[in-house]
Amino acid sequence: MEHGILSAIVWTPFLGALVLLLMPTRNENVLRWSAFVLSLVPLLLSLRMLQLFDPAVGSLQLSENAAWMPSLGVNYALGVDGFSLWLILVTTLLLPIILVSGWHDIDKRLKEFLFFMLLLEWGMLGALCATDLFLFFTFWELMLFPMAFVIGVWGGPRRRYAAIKFVLYTMAGSALMMVAMVYVVLRQAAATGKLSFDIVSLYGTPLTYAEQLACFAAFAIAFMIKVPMVPLHTWLPDAHTEAPTGGSVDLAGVLLKMGAYGFLRFALPMFPAAAQDAFPWIMLLAVVGILYGAMVAFPQPDMKRLVAYSSVSHMGFVMLGLYAFNTIGITGSVLQMVNHGLSTGALFILVGYVYHRRHTRQISEYGGLWGIVPVFSALLLVVTFSSVSLPGTNGFVGEFLILLGAFRAHPWAGSIATIGVVLGAGYMLTMFQRVIFGPVTNEENRALHDLNAREVWALVPIIALIFWIGLYPNPFLRRIEPTTRVLLERLRAAGATRHLADEDRRVSPTAAAAALGASPAHAAEPAHPAEPAHAAGGAHP
Amino acid sequence: MIQVPFGTAEWQSIAPFSLVAIGGMIALLWSVFAEERPGTTSVMWMSQAGLAAGLAATIALLGSEKASFGGTFAQDGVSLLANLVFLLSASMTMFMAQGHLESMGVRAREFYPLVLFATSGMMVMGAARDLVILFLGIEVMSLAAYVLAGIHRRDPGSTEAALKYFVLGAFATCFLLYGIAAFYGATGATDYDGIRAGLASAPRAALIGGVALLVVALGFKAAIVPFQAWTPDVYQGAPTAVTAFMSVGVKAAAFVGITRLFLDGLGPLHLDWQRILWVLAVLTMTVGNVLALVQGNVKRMLAYSSIAHAGYLLAGVAVGTSRSGGAVLLYLLTYAFMTLGAFGVLIAMGTGEKPNDELEDMRGLADRRPLLAGAMTIFLLSLTGIPPLAGFVGKLYVVEAAVSSGWFWLAILLVLNSAVAAYYYLSVIIAMWMRDPVGDEPAWESRPYLAAALLAAAVGTVLLGLFPSGTLDFARHAFASIVR
Amino acid sequence: MAVPVGHWLALSAALFSIGAVGVLLRRNLIVVLMAIEIMLNAVNLAFVALSRHLHSMDGQVIVFFVMTVAAAEAAVGLAIILAVFAQRRTLNADEFGRLRG
Amino acid sequence: MTDQPTTLLRLIPLLPLAGAAICTFAATRNLRSVAKIVGPGSVLAAFLVVLAAVARFWQLPVGSALIDRVWNWIDVSALQVDLAFRLDALTSVMLLVITGVGFLIHLYSLGYMHDDPDLPRFFAYLNLFTASMLVLVLAASLPVLFIGWEGVGLCSYLLIGFWWAETANADAGRKAFVANRVGDAAFLAGMFMLFWGMAAAGAPSLAFADVNRMAPQLAARSPWLVTGACLLLLTGATGKSAQIPLYVWLPDAMAGPTPVSALIHAATMVTAGVYMIARLSHLFVQSPGAMEVVATIGAVTAFFAATIALVQRDLKKILAYSTISQIGYMILGVGVGAFSAGVFHLMTHAFFKALLFLAAGSVMHALHGELDVFKMGGLGKHLPITSKTFLVGTLAIAGVPPLAAFFSKDMVLEAAFMHGHPVLWFLGLAAAGLTAFYMFRAYFLAFAGESRMDPHVEAHVHESPSNMTIPLVVLAVLSIVGGWVGLPHGFLWGDRFGEYLAPVFAHVGGHGGEHAEAGGATPLLLMLLTVSVAAGAIFAAWKMYGAPSTLPDEMEARFPKAFALLRGKYWVDEIYDALVLRPYAATSRFFWKVVDSAVIDGVVNGVGTVLSGAGESGRRLQTGNVQHYAFAMLLGAVLTAGAWWLWR
């Protein structure tokens with residue numbers, strides 16, 4: 001059934017950007033208000049989409065399709081499912097918040113800044129909604145440039161280096177992806193006789209194991225850079241430190257999720273056998289990412305850089321859950337993507353407030369803020385503990401599910417990753433400590449005035465969501481789970497069953513029991529007596 | 001000797017290039033008698049009319065593919081599409097040159113007729129299915145191009161460029177002729193059908209020698225490594241409008257000649273020359289990109305970038321299938337739009353006394369002339385190969401052609417090269433947007449025609465990127481008839 | 001008894017090489033131009049020899065084309081050299097290295 | 001045993017939570033009066049609701065419980081967790097202790113924090129703490145318990161660092177939170193292991209009822225899983241209940257205001273670990289190995305902490321180590337299977353330890369922050385009520401009959417002895433002696449003898465106001481009466497407390513009921529032995545510190561190393577710092593500076609420099625000389641032909 005809602009969501013930011021560009025006035029207030037109103041439109045549309053979204057359906061829905069390049073089999077195809085639903089909502093929610101919270105942040109070339117922020121949202125929404133591999137790749141590359149401009153033009157002292165590094169890192173990754181993409185499409189055309197970039201038809205492409213491995217490696221590298229996973233992560237701290245507040249929030253809020261989303265949407269379903277064999281490596285990198293990110297975050301003198309490395313650690317958790325190959329882990333990691341977007345976004349906004357007042361991000365410059373700016377300190381307290389995933393906040397639900405799922409898939413990875421929870425508390429509380437508690441060491445801090453109504457109200461939606469997802473996550477989980485089941489069913493059908501746990505709801509059949517009972521340490525090689533067809537584990541088609 | 005009747009087919013096939021040549025002559029005569037007032041555009045419009053006539057003839061022939069003059073002169077899809085590229089580059093160059101040359105003190109109004117003569121030479125090359133006709137086309141084009149390079153007589157750079165271009169061009173022509181002689185000796189014929197027939201019986205040494213010699217000549221024209229050393233110097237020396245014409249028109253003609261020669265004439269030898277071209281293609285794109293990284297002058301950087309693009313084109317030729325032929329043609333079209341646009345912006349940057357084409361001059365352009373900076377950003381992003389612009393589509397088809405016939409490493413090297421290329425294209429974008437302007441603002445001159453040409457190039461780059469299907473089908477179908 | 005075509009081709013190759021070496025080594029631009037003419041005539045020789053050997057007139061016809069083109073080339077070449085000399089007052093090939101890097 | 005659905009239980013945590021919200025609002029508007037009423041008031045209201053709930057519970061048949069499913073919290077495929085509260089006998093005891101003692105401490109805080117500008121914020125945190133503790137105790141499943149578990153961790157972090165102006169307090173708070181977090185990480189791992197074990201056994205759930213019901217099956221299927229899970233949960237408990245090895249944060253936690261120490265670090269939070277083990281008694285019982293470890297940790301900690309307390313100078317530090325030691329007893333109790341004995345000691349300890357802390361608080365209040373016992377002396381006459389109540393507390397903790405600890409501690413020791421743990425029993429006995437000694441040492445130094453206070457402090461020492469002394473008196477009474485609920489077997493009305501909790505620990509595997517029937521006489525003998533040990537210790541304390549004597553100095557002279565070791569707290573903090581913290585900071589700096597910036601970024605920038613280096617060298621080839629280019633062309637032609645010729 002044809003729906004216009006997704007196209008509307010994707011293209012309203014683009015039209016908004018054009019309208020803004022063509023507006024004759026340079027008056028800052030007019031520009032800010034119009035940009036804010038323009039950014040509300042996609043938010044309202046995405047809420048309408050949420051209404052139309054049928055929670056029971058796991059596969060792509062609200063899909064649209066129109067021929068774009070018939071000779072290449074490329075269609076303008078959009079669709080949404082459990083994986084992209086909440087990410088779309090986070091994207092459309094974050095922009096208005098950025099505009100309100102950073103009302104006076106940007107002074108030079110405001111019109112271009114707002115133009116690029118709307119373009120950035122357009123790119124991200126396009127990538128999230130695209131269900132045609134070519135369309136996804138187009139938005140994947142398109143997304144880069146507004147972000148690079150935001151970092152490069154309005155960033156900090158080393159903004160140009162950060163911008164170039166950001167673009168080149170991703171482009172090098174996506175170069176290989178382009179070749180792999182073309183290869184898969186051609187193989188599929190050879191099999192079905194029809195050239196098509198449509199994702200769902202590409203899922204069934206018959207590839208030999210070697211081909212799958214090569215293509216999976218190409219896709220995986222492109223997405224690992226974006227996640228980012230250690231050692232391909234060094235662009236993130238620079239990009240975050242140099243980007244203006246609005247840029248950092250969007251970068252952390254949504255751009256980082258593209259990598260993990262890419263794994264879920266493309267790498268896993270298209271190359272099941274290869275994805276399954278990469279299981280130990282990705283798990284290793286995820287755990288390394290968690291611990292490494294947390295450890296490197298600990299000594300950071302600059303607040304933004306600390307939060308950037310914390311993102312590396314959090315995304316390590318997301319990858320851990322995503323690669324647990326069971327419903328609990330994957331659903332948890334999709335939810336954690338949303339949580340990380342919210343709490344890290346809020347952290348950046350708060351750092352932005354203080355930066356706007358004191359023009360420095362060095363932790364040593366602050367201290368004893370509790371007495372001077374109590375409202376700010378209270379908000380920072382809530383967001384810090386959400387980022388440390390305290391039960392009752394959103395972070396906990398995601399992390400609990402991820403670790404539970406990861407524990408099932410790889411007990412050692414799961415338990416080592418749990419240490420990440422401790423390290424997380426370590427560096428976050430250290431930062432909170434040095435900034436908020438202790439005596440007022442720097443006289444300038446005394447002159448700080450507390451957050452005004454606007455700044456507080458900008459964060460209220462995020463704080464509300466932090467507690468809502470923390471205490472009543474079911475509406476969110478219920479919409480993610482069916483899609484996870486569809487993905488796992490697809491993997492099972494393709495014979496990649498080695499790490500799959502039987503996901504029956506209440507009482508799991510004897511198969512799972514036999515599986516767990518059999519090998520104590522590593523539940524990787526379960527004998528599936530009850531499993532008829534794929535008894536031999538990862539039987540390669 | 002082939003007995004060649006002179007029927008209607010022959011008249012129709014020579015119509016396009018001869019109309020352009022005649023147009024050139026009329027424009028030349030007109031420029032002698034027309035009054036001397038500066039800023040007159042009559043000669044330019046006269047020349048444009050000549051091009052229009054050529055275009056009309058080409059469009060009239062669309063659909064009626066046939067080889068005239070006994071198969072040595074093919075008016076098929078390939079040459080017609082090639083003609084479109086040549087005519088496009090010629091007319092854009094003329095629009096861009098208008099005003100640009102006067103401001104540089106170049107009053108020589110024979111510029112436009114020379115462009116026409118060069119274009120007619122290209123059209124002959126595009127249609128030639130006989131080595132001798134190919135030679136004639138190359139010479140007509142090159143002679144006009146040598147003079148065009150040196151059009152700005154008082155500028156040492158321009159004359160030096162012309163000198164280098166001439167000496168090396170002539171040198172290459174000798175190799176071309178010697179190659180033709182080798183083929184004539186080996187296969188007893190100079191037309192492609194004759195050559196194909198004689199290939200089996202030809203001695204291998206003569207064939208290898210002949211192809212090597214041809215590669216030198218055509219490699220020189222297409223600026224393929226190791227014959228590309230002249231390109232940066234000549235492109236930098238010549239006036240920017242001429243550079244634009246050379247980097248698009250001349251290169252396109254060379255590639256159509258190479259493609260037709262290798263895919264049609266030397267088809268059966270495919271397996272032999274494929275490996276050589278593969279190596280040359282990789283060398284070309286790598287050398288082009290790596291040297292471009294360290295350029296301080298944007299014009300010279302674009303020269304190296306055009307070498308890199310020659311590498312991508314040669315990769316398409318090396319694959320040697322009709323798909324890759326179509327990809328090369330389409331790439332030429334996309335390449336034409338974005339490169340003409342990029343050079344056009346440099347022209348717009350230049351003022352009478354100072355060309356302003358250093359990287360420092362680009363700083364803060366976004367503040368001073370946002371529209372110009374926006375156009376340049378579109379061209380550079382397209383050159384980098386960012387979807388949905390034309391550059392990406394061209395690159396995608398070459399990669400698709402390469403992958404479809406199993407050339408994975410070629411495709412991987414190609415995309416990695418374009419990732420390296422992104423650095424120097426980005427450095428220009430960064431200079432424009434993210435740096436503050438240095439020095440006072442030069443006295444820009446308003447050039448309506450140039451603005452129109454830039455707009456056309458930008459629209460072409462975006463539209464071709466968004467809706468390439470039609471053109472691709474035409475190009476692929478055109479090549480299907482050639483590659484047997 | 002006619003001289004076998006191999007000899008002619010050898011002569012033509014020798015002439016071609018002499019011309020090429022001339023282009024590479026001689027400093028004076030006009031001499032370079034002359035060297036190019038030598039190379040062109042070497043090719044003409046080859047064409048005539050082959051034409052006779054293959055008993056086909058194509059070779060002879062091609063020679064005419066080559067000669068006309070060579071003439072045109074010489075004209076354009078000398079014009080360029082004139083322009084260069086008018087400006088630089090020197091014809092030494094090594095002087096023209098301003099555009100590089 | 002059926003669960004009676006109700007909607008009453010959700011009110012219990014909700015009231016203090018609402019209180020916390022109101023106090024936070026009051027803090028922003030600085031409405032001290034509102035906070036003063038709402039703070040204690042919400043806990044009192046909770047106490048009343050608890051009474052109502054317990055009354056409703058008592059009407060139910062024995063062994064059933066009240067259950068209140070608020071909503072379905074997490075529901076993802078096999079994992080299905082309800083936000084559900086459950087009240088059974090064990091919970092009722094804990095609720096009464098938390099809200100009861102909690103309310104008294106809130107009342108006391110009114111006086112203690114009277115002149116503190118941040119009073120509203122203090123009550124906000126205290127209420128939030130109470131709410132979290134209530135959630136912890138009422139939770140019907142492990143994840144919900146974990147909400148309370150980390151919630152109390154958060155509140156203890158905030159309250160320890162309440163006076164945030166000094167970095168020392170804030171660092172102590174962070175140390176507490178991170179140490180707790182280490183335990184919580186183990187707790188999480190234990191939970192996951194348990195969950196997947198249960199899933200394999202066919203009933204994927206973390207509710208206590210299910211876990212306890214499935215425990216025998218689980219143990220049968222994979223004993224290592226049960227032991228592993230129990231050990232991990234135990235590690236979590238050691239973190240929260242400050243046992244070896246994760247006890248280091250409790251002494252530093254004394255940086256917080258004294259009511260905080262009383263409520264959190266004596267009565268409630270630190271007992272969470274004991275409660276958790278008691279709640280999962282059926283599971284722990286299935287793994288004798290784990291039980292052995294639990295008991296050993298308990299006994300060793302009891303003794304270890306007691307030795308440190310011997311030489312401490314700061315009154316609150318003495319009480320802190322005493323708390324660690326007493327919790328050791330509780331852990332020992334549950335470790336040997338005497339769950340109700342452990343819980344009983346937990347209750348009595350809450351009374352007298354809260355009393356002791358509050359008394360110390362009122363001493364501090366009087367002496368304007370002075371806590372060094374060697375700078376006190378003779379306070380008896382100045383602070384009549386405080387000194388008398390402190391004496392009651394000291395007697396209680398020393399195990400002097402008929403006060404509370406005598407019964408509860410004795411029950412634990414007796415269980416340890418009877419259930420075949422003679423070594424642990426002996427450690428417990430020794431610890432009991434030491435406890436009596438250091439408590440009376442503190443008492444004599446502070447309240448007896450002549451005053452060593454400096455004069456102008458002594459000048460205006462005065463007794464604390466009534467809202468501080470009333471709680472002291474009430475707690476003193478409770479310390480006396482509290483023990484009588486669980487009398488030794490056959491004495492007067494026997495162990496009512498044990499019987500009350502019996503249904504919760506009903507079929508606790510092989511360990512059977514609380515009291516082994518063997519040898520009626522031995523319990524009596526044990527009791528006499530502990531009392532005599534306590535009496536001896538008291539006399540020794542009086543000898544050394546009661547009357548003026550040179551004995552302490554002589555002792556120190558003779559065993560300088562021993563005293564230094566104890567005073568240095570076995571240098572555990574320094575060991576942790578050297579083994580864990582400093583290497584961690586070093587490696588993280590190494591990762592940052594070397595791996596991240598030098599290696600990875602080095603490679604990334606290296607690629608850039610290599611390429612531009614090649615560009616530079618390539619550029620030199622571009623000489624600008626025509627003839628060089630011609631030569632390059634010629635060379636190119638030769639190479640192409642040659643390569644083709646060779647490349648067959």
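Lettering follows sequence order; numbering is per chain, from 1.
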Checklist entry - Out of curiosity, A/Asn75 CG to A/Asp198 CG, how far, rounded to the nearest 0.5 Å? => result 7.0 Å
Checklist entry - Would you say the side-chain atoms of A/Thr205 pair up with the backbone N or O of A/Gln188, donor to acceptor, closer than 3.5 Å? => result no
Checklist entry - Hey, is the main chain of A/Lys194 close enough, under 3.5 Å, to the side chain of A/Thr192 for a donor-acceptor pair? => result yes
Checklist entry - So, for B/Pro468 and B/Tyr397, which heavy atoms are closest and what is the spacing to 0.1 Å? => result CG-OH, 3.4 Å
Item to check | chain B contact via A/Ala148 - side chain, backbone, both or neither, heavy atoms under 4.5 Å | outcome: backbone
Checklist entry - Does any non-hydrogen side-chain atom of A/Met177 lie less than 4.5 Å from one of A/Phe223? => result yes
Item to check | Exam field: side chain B/Ser382 to backbone B/Gly391, donor-acceptor pair closer than 3.5 Å | outcome: yes
Item to check | B/Lys395 side chain vs B/Leu414 backbone, donor-acceptor pair below 3.5 Å | outcome: no
Checklist entry - Is it the backbone or the side chain of B/Thr377 that comes under 4.5 Å from a heavy atom of chain A, or both, or neither? => result side chain
Checklist entry - Of the listed residues (A/Met69, A/Arg187, A/Arg159), which shares the most heavy-atom pairs with chain B below a 4.5 Å separation? => result A/Met69
Checklist entry - Checking B/Leu389 against chain A: side chain, backbone, both or neither under 4.5 Å from a heavy atom? => result neither
Item to check | Proximal component of B/Ile412, with respect to chain A [non-hydrogen, under 4.5 Å] | outcome: both
Checklist entry - Looking at A/Glu112, A/Met178, A/Met171, which one has more heavy-atom pairs under 4.5 Å with chain B than the rest? => result A/Met178
Checklist outcome for this item: Residue from B/Leu416, B/Leu466, B/Leu426, B/Val420 scoring the most non-hydrogen pairs under 4.5 Å with chain A is B/Leu466
Next on the checklist: I'd like to know if the side chain of B/Tyr424 pairs up with that of B/Asn289 as donor and acceptor (distance under 3.5 Å, no hydrogens or angles considered).
Outcome noted: yes
Checklist entry - Do the side-chain N and O atoms of B/Trp407 and B/Ser324 include a donor-acceptor pair separated by under 3.5 angstrom? => result no
Checklist entry - So what's closer than 4.5 Å to chain B heavy atoms on A/Arg109: side chain, backbone, both or neither? => result side chain
Checklist entry - So, for A/His233 and A/Tyr169, which heavy atoms are closest and what is the spacing to 0.1 Å? => result N-OH, 4.4 Å
Checklist outcome for this item: residues 126-140 of chain A vs chain B, non-hydrogen distance cutoff under 4.5 Å, contacting residues -> A/Phe134, A/Phe137, A/Thr138
